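Along the sequence shown, residues carry numbers from 1. All of these numbers come straight from a predicted model, not from anything done at the bench.
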Amino acid sequence: QVPLAESGGGSVQAGGSLRLSCTVSGLSYTNSRCMGWFRQAPGKEREGVATIDIDGSTTYTDSVKGRFTISKDVARGTLYLQINSLKSEDTAMYYCAAAGLRQSCPAIGSRDGVYLYWGQGTQVTVSS
């Protein structure tokens, strides 16, 4: 059973907003591990988008800074990605991922191997 399940994707016009959710189940969550959002566009490599660490600190890839916000609701066992001011280049499959227990977040774009659990993705399509 995959412990992560994404939702909230869809088709929107440029400039619009979406909130992606990642429900965590059957996995020790709370403040015990790094969580992240990744995306993969057709024909491109997967890239890290945002991470939230055990202490709640967040990091973002440069292309989404100021537009994306990662957050988590520990009580609900849910990870979020608020996406504003969408651009056509944001079109991709978005995945949430969880690192191993007590694993802190690596720098975005490095050591993706620390993420042991992956959801099946939710599609975001932005039309101009």
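In this structure, the side chains of R39 and Y95 stay at 4.5 Å or more apart for every pair of heavy atoms. Using a 4.5 Å cut-off on side-chain heavy atoms (C-beta onward), Y117 and C96 make no contact. Residues Y115 and T51 are in side-chain contact: their nearest non-hydrogen atoms beyond the backbone lie under 4.5 Å apart. Looking at W37 and L20, their side chains come closer than 4.5 Å, going by heavy atoms from C-beta outward. Residues T61 and F68 fail the side-chain proximity criterion, which asks for heavy atoms closer than 4.5 Å. Residues Y60 and D62 form no side-chain contact, since every pair of their non-hydrogen atoms from C-beta on lies 4.5 Å or further apart. The closest side-chain heavy-atom distance from R33 to Q103 is not below 4.5 Å. For the pair Y94/E6, no side-chain contact is recorded, criterion being any heavy-atom separation below 4.5 Å from C-beta on.
Close placement of the F38 and W118 rings is indicated, their centers lying within 6.0 Å of each other.
Note that CZ of R102 is 8.0 Å distant from OG of S32, once rounded to the nearest 0.5 Å. Between the OG atom of S7 and the CZ atom of R19 there is a distance of 9.0 Å, given to the nearest 0.5 Å. A distance of 5.5 Å separates CD1 of I70 from CD1 of I52, quoted to the nearest 0.5 Å.
Within the structure, salt bridge (charged side-chain N to carboxylate O under 4.0 Å, His left out) contacts touching residues 109-128 (residues at least two apart or in different chains) are R46-D112. Identified under the disulfide (SG to SG under 2.5 Å) test for residues 98-128, with sequence neighbours left out: C34-C105.
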What donor-acceptor contacts under 3.5 angstrom involve side-chain atoms of residues 121-128, with partners at least two apart or in another chain?
from: T122; atom 1: OG1; to: G9; atom 2: N; distance (Å): 3.0
from: Q123; atom 1: NE2; to: A92; atom 2: O; distance (Å): 3.4
from: Q123; atom 1: NE2; to: T125; atom 2: OG1; distance (Å): 3.4
from: S127; atom 1: OG; to: V12; atom 2: O; distance (Å): 3.4

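When each of T78, L79, D73 is tested with S21 by the rule side-chain contact (heavy atoms from CB on, under 4.5 Å), just one qualifies, namely T78.
For the residue pair S17/N84, the side-chain donor-acceptor check at 3.5 Å is satisfied.
The two residues T91 and A41 have their closest heavy-atom pair at O-CB, 3.6 Å. Contact record, D90 with S85: OD2-O, 4.4 Å, taken as the closest heavy-atom pair.
Cluster membership for L116 and V24, using ILVMFWY side-chain heavy atoms within less than 4.5 angstrom, is shared. Residues Y80 and I83 do not share a hydrophobic cluster, clusters being chains of Ile/Leu/Val/Met/Phe/Trp/Tyr side chains in contact below 4.5 Å.
Counting heavy atoms of neighbouring residues, nucleotides and ligands inside a 6.0 Å radius, atom CD of E89 exceeds 12 of them.
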Kindly indicate, with the supporting measurements, whether the criterion side chain to side chain contact (heavy atoms under 4.5 Å, CB included) is fulfilled by T58 and D53. CA-CA 6 Å; T58 58; D53 215 330; over 6 Å; no

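With hydrogens and angles ignored, the 3.5 Å screen pairs no side-chain donor or acceptor of R76 with any backbone N or O of K72.
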